[in-house]
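Below, read A as the first sequence line, B as the second, and so on, with proteins coming before strands; counting in each chain starts at 1. Computed from a prediction, not measured in an experiment: that's the story for all the values here.
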Protein chains: 2
Amino acid sequence: MGPNGYTKEPRGNRLAPASAVAVDVALFTIQDASLRVLLVKRGAPPFRGAWSLPGGFVRRDESVDEAALRELQEETSIRTVYLEQLYTFGELDRDPRGRVISVSYYAVVHQERSRISAGQQIAGAKWFAVHRLPALAFDHREIVHAALERLRNKVNYTSVAFQLLPKKFALSELQRAYEVILGQRLDKRNFRKKMLQLGMLRDTHEQRAEGRQRPARLYAFPEARVIKLQEKGIIVPF
Amino acid sequence: MGPNGYTKEPRGNRLAPASAVAVDVALFTIQDASLRVLLVKRGAPPFRGAWSLPGGFVRRDESVDEAALRELQEETSIRTVYLEQLYTFGELDRDPRGRVISVSYYAVVHQERSRISAGQQIAGAKWFAVHRLPALAFDHREIVHAALERLRNKVNYTSVAFQLLPKKFALSELQRAYEVILGQRLDKRNFRKKMLQLGMLRDTHEQRAEGRQRPARLYAFPEARVIKLQEKGIIVPF
DNA sequence: TCAAAAGTGTTTCCCCTACACCCATGG
DNA sequence: CCATGGGTGTAGGGGAAACACTTTTGA
């Protein structure tokens, strides 16, 4: 790399301008019946003391996806997450210090893992309810909103929602996850009908008694990966 | 910017590694009843002589969106297009010369404008039918496929398809556009019914006689921008 | 026996689909 | 008058939505 921000890795034979490339990750989980994002407190200017998404610069020896995963792990010690690229923010003025292009991601972990990380969590990292966000650094509010919109869409025709649940879960848990993501109540009978109609849920023949009520039947979702469930919208009509 | 690819525009107080950031644009149009992408012939290694998407490096004084638009205009002299960011490709080995992160876009122009550009076109730029692509440089085949998928999706619930047509058009033209994008025949009566049900088409009360057949009624789509048409899928059930 | 959540079917309505013939024009 | 695309309606089926009561358990 030469002086003045030009690198010798051109397309053609011209010199290629270099930019600082960062990743920012909106990590979602469900806690206490609300959808939450992980935020970290900035220790250095600009926006010192403000909350921001976990993130940092992409290194020269890692792919952008790897950088997103690394940043997440440094902040949370969470290993298994669903991580998906969202959008690349490339406005000139988005970082007061100069030109930083940010590739944003969103990620999803289930309750247990997020609680573990809450225990081991680095000082200054905290879960916030998505509808009660503090002021955020940079354009991170925009990123959270884009991530939420994407998640709300994807929940309709993919199996992302299962990423928010433990391996074995009751249908009512699943419904609550959908309700929390979509921000609306769903009809219990229709919800169960549709979910069971998918033919993807495995009945574990186990039950879980939780308090003084009828025990819930536990199901498992056999695919570890996030898959397309249907062509049509599943819960909220598209 | 310092030596060895590190810049002084950090997040925190650490040095930020710099990367070469490029944009690549898949520009679509309809010509001769087929969906086409604009490709340019590479004049320099690597992939010298191979076809690739129009693109190039992002400059320090422009946003990433601006870079995409600029590259498109340098190649085509087209001014008005619908341009949408697609995905950021950040694998380490995607460019044989080293680390280049590419922010990909897709764009859509209507027939007339694309023909104008075909006339004024820079040597070595050519429209290719999307199902008859030559070997492409870098991961550009992947980008074209991602763009196509996005376009096929968006056509269902937004007004992108109108970007492929002139201001005044017959319903049969519109249907042909949908068919060409989706790669399937559609029922004429159902198509017209749905389009007119949207309540978005303005009847211009003009007709166009084209050959020895009944003249077609011309419609206009009043929104210049691409908008959401419906929650549910419009043409192909979602 | 009661509180609290689990579990279970049916009817209605609307939208999507399939499908075939007449119309207006230029040659 | 004929070839070519323009233009039109309806019936049937399937999926979505609305809706209320019984079951099981622990306290």
Show me the side-chain donor-acceptor pairs of residues 159-174 of chain A shorter than 3.5 Å, one per line, residues at least two apart or across chains.
unit_1	atom_1	unit_2	atom_2	d
A:S159	OG	A:I227	N	2.9
A:Q163	NE2	A:A224	O	3.3
A:K168	NZ	A:E206	OE1	3.4
A:K168	NZ	A:E206	OE2	2.4
A:S172	OG	A:R176	NH2	3.2
A:E173	OE1	A:A170	N	2.9
A:E173	OE1	A:R208	NH2	2.6

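As a whole-Å value, the separation of A:R208 CZ from C:dG7 C1' is 15 Å. For A:D187 and D:dC21, the CG to C1' distance is 14 Å, given to the nearest whole Å. Atom pair A:Q197:CD and D:dG14:P shows a separation of 13 Å (rounding to whole Å applied). Rounding to whole angstrom units, NZ of residue A:K193 and P of C:dG7 are separated by 16 Å.
Applying the salt bridge (charged side-chain N to carboxylate O under 4.0 Å, His left out) criterion to A:D139, with sequence neighbours excluded, gives A:R94. By the salt bridge (charged side-chain N to carboxylate O under 4.0 Å, His left out) test, B:R185 is found to be paired with B:E179, residues two or more places apart in sequence or in another chain being considered. For A:E71, the side chain to side chain contact (heavy atoms under 4.5 Å, CB included) criterion is met by A:V23, A:E74, not counting sequence neighbours. Residues meeting the side chain to side chain donor-acceptor pair (under 3.5 Å) test with B:K193, sequence neighbours left out: B:N190. For B:R202, the side chain to side chain contact (heavy atoms under 4.5 Å, CB included) test picks out B:T204, B:A220, with sequence neighbours left out.
Under the 30°/60° scheme for interplanar angles, the aromatic rings of B:F138 and B:H140 are found to be tilted.
Within residues 159-167 of chain A, no residue has a heavy atom under 4.0 Å from DNA chain D.
Among pairs with a residue in residues 216-225 of chain A, those fulfilling side-chain hydrogen bond (donor to acceptor under 3.5 Å, both in side chains) read A:D203-A:R217, at least two apart in sequence or across chains.
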message = Please encode protein proximity along nucleotides 1-8 of chain D as a string of B, S and -, counting only heavy-atom distances under 4.0 Å.
response = --BBBBBB

